[in-house]
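One structure is given below, encoded as structure tokens.
If you're wondering where the values come from, they're calculated on a predicted model, not measured in any experiment.
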Amino acid sequence: STNYGFLQSIPRLHNSRDGENEPLQFSKFAMACQPSSGGESDDRVYLTKIKRSRLPILKRIFRPLLQDLFVFKVVNSSFVQLGINEDFDTLQKYFGEWASTLSSNDLAKSNMYATATWRPIIRWLHDLILTAYDVNQRYQGPSQSQAKLEDDSLRKNAKLETLIKFCTEIEDLPKAFLLAAICTDAISSASLQLEQKTYGKITQVECIRPWEELLRKLRTCLLVSLRLGGDVCPPGGGNDPMTVSNVERPDMFSVYSWIARDELYLSHDNRVIMALESACVSSADAFYPSTVDGDGDRQKTIIFQSCRSDIRDLRNPTGLTDESHSRSLLFYLKDHAHFPTRLAANRALILANLWSQTPDQLHLLYHSISALRTVVDSVERFSLAVVAEIYQSRIRPVCRAMLFGFGEQELSEEVVSPLFGDAVWLSEFISVAKLILSMMAECMSKVPPPSEDHEQLEPSSDMWPPLRQCHVLDGLVRKLRGDVRPSSVALHHTIIFTFEMTHSIDSFHAIVPSFSNLFLTGTLFTELPPVPKGSARERDLLDKAIGEHAEKRNAPVIDSFAGIKDVELFGEAMGLESNYVKTKFLIKMIRRGKESSINDLLGASNSLLDKELFTFKVTRIMCARLDATITSLKRTKNYRGILSLLDADASRWVREEAAAECASWKTNNFATASLVATHSMVMRLKSISESLDDASMKEKVDVICLMSGTLLKAVQAQEEEDIQNV
């Protein structure tokens, strides 16, 4: 009879959805019920633990809350019939499950629109809280256990704590926000009455505080989700829904990845983005949406404007415009700007992932490398892991296919194969591959092991999500399952370097064991034998590469050897010290008449040079220049007399050295250089040679120093005389 009475109490109001306007059959209701486990004296009846089976019943029970105030009490009568009207945790759980089936429009229409006069959902929650107080008062007694009911049960129900947890797990963020706002209204009015009834033991402020905090967290989640178009998961990070509870987990989302993605919507230029980060750090207008600072009307307007619905394309950034009404995510999470390396690392990963989807767009890979440079220049425990990840997942498969074909099926042959026929694309890609391997070698020499990293974060007191380690970067550090082997990095770089210079790998099949296993997934962590050293062919390749770098360098000032890192790595694989490569680079720059570009670098790198090699080669280059000057003077009548000032033996020796230099370069075409520039270079050469023990070489430098000085003075004197004659 009880069940029959319950069935009579279930409303049959018209609702065309899911056939809910049909009468409920008793068999379906009975199957959805289960008795309480409290014993024979416990006559409470609960709905089944299977959520999908109890939802049809809950939809019917709570349906009156979408109507008007005069029928909402029917909901309570249904739970009275079941005997669970005083189990407030269960009532909140059932209500939350029903509310999650509603659309955001239904929730707002019945409780927040101007036409929602009675707001039955708010009234029902309001009555639930006050009923909890009445029930707890009924059980108050002299014993300590009975008095504890007010502290534990009443406070918990007054805050609707079960519903708080439920709202933190709702995936539909607008719906979660609406439901939290409705609950806050109900608690606000009910707790005000409780504050009077309990004489201040339970206060309104205490009850609504957790809901206000939840609303601010939901506000932050909505801002991030709308700003990023719902794309909140890092590359390869799964498709976990964005909820408050998931964001609070330290192993689910990365705030750094959110900010990096938002930055890339604005620009791919690493320098522009880092300038933006500096501006956000110093901004006095920035605030945190998760704190009370975001509650003001002006702040809410700024947040709404940032949640714009414009369709943004990560491949085509909008650029930084003067439209200040739309602020970047970093404006709201500016504490993270104090860690630019983490942001740069995430940008590099995102851009590399974008490039892998459209490998013909190499500009994406270039921007990724630019951000990666920031990561490598800073000594962070994750630097090597980030470089290794981009190489392993994005660059290595293309190198494998380029050298050995598409047998492993890591790439789409249809997409990538045509690119190998594009000489420009292939050359640029190989340059990037060499650069990343060079960066990896650089990281291995200076990145501290994880055990030495004790970086402490000091989060803002109220900021949410809190400032913490980057889940994405920590995952890459763990993923780096073994030590990257320097020998493997060097061999892979040597193969790529040689392929670039010769477009052939035939010579390596015989001299490199397990050559066919190179560029597979695990070879980076496998100790590999070095390439046999001393090959004249490899030395020629190295010299050719250095010469090409010198030919391409046309900057007015070159103040570092950063541009030849990949050549240095190749030289080291051949057993040559880096000072050999640096010295040869400077020599070839001087040979091409570009010493004005390297004046500062030459002075700063004095200790890094092979001074004997430098003195020997540059002496010959200066002899070639002086011999060309003497030949030119012979052809000019007014200047022939100058030659009589020169020592005959010195002139003959200079001519012989010049001939030897021309023979070594297989050309007589030297870059033109003024006599002033030549004498200046000779004077610098004399300074460098003073530390040598070779007296013969010092004597040769003295000879050309005397000759260049004599020629310069004589030519300048003749020029002055010619001017006076004119």
Item to check | Short side-chain to backbone donor-acceptor contact, Ser689 and Lys686, under 3.5 Å | outcome: yes
Checklist entry - With no hydrogens and no angle check, do the side chains of Arg342 and Tyr256 hold a donor and an acceptor under 3.5 Å apart? => result yes
Item to check | Atom pair CG (Leu480) and CZ (Arg381), whose distance is rounded to the nearest 0.5 Å | outcome: 12.0 Å
Next on the checklist: Could you walk me through whether Leu354 and Gln361 satisfy the side-chain contact (heavy atoms from CB on, under 4.5 Å) test, starting with their C-alpha distance in whole Å, then the side-chain angles of each, then the deciding distance to 0.1 Å, before giving a yes or no?
Outcome noted: CA-CA 9 Å; Leu354 283 177; Gln361 299 182 356; over 6 Å; no
Checklist entry - When you measure from the side chain of Ser278 to the backbone N and O of Met274, does any donor-acceptor pair fall under 3.5 Å? => result yes
Checklist entry - Above 12 or not: heavy atoms from other molecules or residues under 6.0 Å from CG of Asp600? => result no
Checklist outcome for this item: Looking only at heavy atoms, the pair that brings Pro317 and Leu264 closest together is CB-O, 3.5 Å
Item to check | Considering all heavy atoms, the nearest Met683-Cys705 contact | outcome: SD-SG, 3.4 Å
Next on the checklist: Can a donor-acceptor pair be found, under 3.5 Å and without considering hydrogens, that links the side chain of Ser368 to the backbone of Ile350?
Outcome noted: no
Checklist entry - Taking the inter-plane angle between the rings of His367 and His363 on a 0 to 90° scale, is it parallel (under 30°), tilted (30 to 60°) or perpendicular (over 60°)? => result perpendicular
Checklist entry - Counting N and O atoms only, with roles assigned by atom type, does the side chain of Ser383 sit under 3.5 Å from a partner on the main chain of Val379, one being a donor and the other an acceptor? => result no
Item to check | Close side-chain approach of Lys617 and Glu661, heavy atoms under 4.5 Å | outcome: yes
Item to check | Atom of Leu586, atom of Ser605 and distance for their closest heavy-atom approach | outcome: CD1-OG, 4.0 Å
Checklist outcome for this item: To the nearest 0.5 Å, atom CD of Gln718 lies from atom CD1 of Ile723 at 10.5 Å
Item to check | Interatomic distance, Met440 atom CE to Ile390 atom CD1 [nearest 0.5 angstrom] | outcome: 9.5 Å
Item to check | Donor-acceptor pair, side chain of Lys582 and main chain of Phe561, under 3.5 angstrom | outcome: no
Item to check | Carboxylate-amine/guanidinium contact Glu551 Arg592, below 4.0 Å | outcome: yes
Checklist entry - Is there a side-chain contact between Tyr366 and Leu351, using heavy atoms and a 4.5 Å cut-off? => result no
Checklist entry - Taking atom CD of Glu527 as the centre, does the number of heavy atoms from other residues, nucleotides or ligands within less than 6.0 Å exceed 12? => result yes
Next on the checklist: Counting C-beta onward and ignoring hydrogens, is there a side-chain heavy-atom pair between Arg394 and Leu365 closer than 4.5 Å?
Outcome noted: no
Item to check | Distance, nearest 0.5 Å, that separates OG of Ser651 from CG of Leu646 | outcome: 4.5 Å
Checklist entry - Is there a donor-acceptor pair closer than 3.5 Å between any side-chain N or O of Arg400 and the backbone N or O of Phe519? => result no
Item to check | No-hydrogen, no-angle side-chain donor-acceptor test under 3.5 Å, Arg315 and Thr358 | outcome: yes
Checklist entry - What's the verdict on side-chain contact (heavy atoms from CB on, under 4.5 Å) for Ile642 and Tyr639, showing C-alpha distance, side-chain angles and the deciding distance? => result CA-CA 6 Å; Ile642 295 175; Tyr639 290 86; 3.5 Å; yes
Checklist entry - When you look at CD of Glu612, are more than 12 heavy atoms from neighbouring residues, nucleotides or ligands closer to it than 6.0 Å? => result no
Checklist entry - Can Lys698 and Asp694 be counted as an ion pair, charged N to O under 4.0 angstrom? => result no
Checklist entry - So do Thr619 and Phe614 actually touch side chain to side chain, heavy atoms under 4.5 Å? => result no
Checklist entry - Going through the distances and angles, do Val654 and Met622 end up as a side-chain contact (heavy atoms from CB on, under 4.5 Å)? => result CA-CA 9 Å; Val654 166; Met622 294 301 104; over 6 Å; no
Checklist entry - Is the backbone N or O of Ser427 less than 3.5 Å from a side-chain atom of Ser431, with the two atoms forming a donor-acceptor pair by type? => result yes
Item to check | Presence of salt bridge, Glu595 and Arg625, under 4.0 angstrom | outcome: yes
Checklist outcome for this item: The reported gap from SG in Cys443 to CZ in Phe382 (rounded to nearest 0.5 angstrom) is 10.5 Å
Next on the checklist: Do Asn353 and Leu349 make a side-chain contact, defined as non-hydrogen atoms from C-beta onward lying under 4.5 Å apart?
Outcome noted: no
Checklist entry - Taking atom OG1 of Thr526 and atom CZ of Arg485, what is their separation to the nearest 0.5 Å? => result 8.0 Å
Checklist entry - Can you find a pair of side-chain heavy atoms, one from Leu520 and one from Phe404, that are under 4.5 Å apart? => result no
Checklist entry - Ignoring hydrogens and geometry, is there a side-chain-to-backbone donor-acceptor pair from His492 to Ser488 under 3.5 Å? => result yes
Checklist entry - Are any of the side-chain heavy atoms of Trp653 and Cys623 separated by less than 4.5 Å? => result yes
Checklist entry - Which pair of non-hydrogen atoms, one from Phe525 and one from Gln392, has the smallest distance, and what is that distance? => result CE1-NE2, 3.5 Å
Checklist entry - Less than 4.0 Å between a side-chain N and a carboxylate O, is that true for Arg373 and Glu442? => result yes
Checklist entry - Given side chains that start at C-beta, do those of Lys700 and Phe616 come closer than 4.5 Å, heavy atoms only? => result no
Checklist entry - Does Thr583 use its side chain to pair, donor to acceptor, with the backbone of Asp610 at less than 3.5 Å? => result yes
Next on the checklist: Check this for me: Glu699, atom CD, are more than 12 non-hydrogen atoms of other residues, nucleotides or ligands nearer than 6.0 Å?
Outcome noted: no
Next on the checklist: Quick one, Gln716 with Leu712, criterion side-chain contact (heavy atoms from CB on, under 4.5 Å). Give me CA distance, side-chain angles, the key distance, then yes/no.
Outcome noted: CA-CA 6 Å; Gln716 287 176 340; Leu712 180 60; 3.5 Å; yes
Checklist outcome for this item: In terms of heavy-atom contacts, Tyr265 and Leu314 come closest through CE2-N, 3.5 Å
Next on the checklist: What verdict does the side-chain hydrogen bond (donor to acceptor under 3.5 Å, both in side chains) test give for Asn270 and Thr374, after you've listed the backbone C-alpha separation in whole Å, the side-chain angles of each residue and the deciding distance to 0.1 Å?
Outcome noted: CA-CA 9 Å; Asn270 191 56; Thr374 301; 2.9 Å; yes
Checklist outcome for this item: In short, Lys634 meets Leu643 closest at the heavy-atom pair CG-CD1, 3.1 Å
